[in-house]
Amino acid sequence: MFVEKFKNQIQVFEQKVIASEKIKILPHYNPDGDAIGSALALYILLKKMNKDVEVISPSHFPGFLNFLPFSNKINIIGKKREVEDSFFDGLDLLIGVDFNGLGRLDKLKQSFDKSSTFKIIIDHHPEPEQFADLLISDSSYSSTAELIYALIMSSNFKDKFDKDIATNLYAGIMTDTGSFSYNSSSPETFRIVGELLKAGAEKDKIFDEVYNSFSLNRMRFMGHVMLNRMHILPKLKTGYIYITEKDRLQFKEKYGDTENFVNIPLSIKGIVFSAIFIERENFIKISFRSKGSFDVNIFAAKYFNGGGHKNASGGEFYGSIQETMKKFVSIINEYSDELINYEF
Ligand SMILES: [Mn+2]
């Protein structure tokens with residue numbers, strides 16, 4: 001149970017929040033629904049307590065999250081803005097959500113690290129780095145949003161819980177579980193989802209905003225990717241997709257358009273491991289997905305300078321897209337025994 005496991009942390013959280021006036025909340029770089037939903041849920045809670053609170057995102061968030069209550073209050077740092085080491089001076093509290101390492105803060109890493117402000121991290125990624133004064137981390141949770149629900153409801157602040165908080169948390173849980181298709185086998189997750197619905201989260205509307213909001217260009221882009229850019233290695237139960245810079249220009253890629261492309265090969269019967277390689281300005285951005293026991297967190301960390309979760313991770317490669325795929329194929333051939341014999 002959350003209350004027993006985090007008894008001390010809940011107390012410190014309460015004390016720090018009560019004693020703090022100026023508070024900043026940070027999601028990770030390239031924030032997803034969980035990071036943004038979690039940050040906004042805390043933002044709303046603290047606003048209701050009359051705190052001087054702000055959400056600072058190291059980079060833009062996907063447009064399909066614009067409907068989230070208070071998302072227009074997020075302060076985005078973006079590519080061009082310079083961040084001084086003193087950026088977080090004069091604060092009482094810093095709260096980071098949904099990341100387990102300083103590297104996930106990108107441009108805000110140094111100023112966050114240098115700040116002497118008390119730091120709380122709330123996260124569900126495995127093996128967190130130790131850089132916070134208070135760490136509330138549990139990788140058995142579907143999402144940071146679910147953890148934040150448990151935290152709020154175990155605290156003295158639970159009377160502040162409302163529909164807007166519920167909407168943000170629901171969006172976080174829904175997106176981090178692929179709309180309850182993975183990382184969501186715990187009955188506790190569904191109990192919490194039930195509570196969020198009771199509080200007024202509009203499930204169908206949230207789904208529609210997140211998953212049925214693509215542009216025509218994005219749909220055509222996906223068609224192109226499935227037809228021309230997907231390789232399937234049936235024996236190795238692996239599929240991978242590559243996207244060139246030219247592709248991105250041709251289909252007028254917008255931020256977030258390639259999100260979830262990595263999952264496409266996993267929809268094919270028998271495929272348990274999928275990867276995507278996207279040619280970005282000066283490197284190849286990589287994402288991995290898997291089913292069951294095949295651990296893509298370790299895979300990404302070992303070969304592609306990355307990490308994440310057991311079934312969802314990311315990495316990078318500095319070289320051409322052809323070199324990246326060559327390296328990938330040669331590595332997975334070393335895993336052939338494991339993959340060929342894999343039974344989901
Ligand atoms: Mn998450």
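Numbering of ligands and ligand atoms starts at 1, following listing order.
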Can you check side chain to side chain contact (heavy atoms under 4.5 Å, CB included) on Phe299 and Phe304, steps first, answer last?
CA-CA 8 Å; Phe299 189 89; Phe304 291 100; 4.0 Å; yes
Heavy-atom count around Glu188 CD within 6.0 Å, excluding the residue itself: above 12?
yes
Would the Phe161 and Tyr149 ring centres measure less than 6.0 Å apart?
yes
What protein atoms of element N, O or S are positioned under 2.8 Å from the Mn ion (ligand 1)?
Asp34 OD2, Asp98 OD1, His124 NE2, Asp176 OD2
For atom NZ of Lys16, is the number of surrounding heavy atoms from other residues, nucleotides or ligands below 6.0 Å larger than 12?
no
Can you tell me if Lys48 has over 12 outside heavy atoms packed within less than 6.0 Å of its NZ?
yes
Between the side chains of Glu202 and Lys163, is the shortest nitrogen-to-carboxylate-oxygen separation below 4.0 Å, so that they form an ion pair?
yes
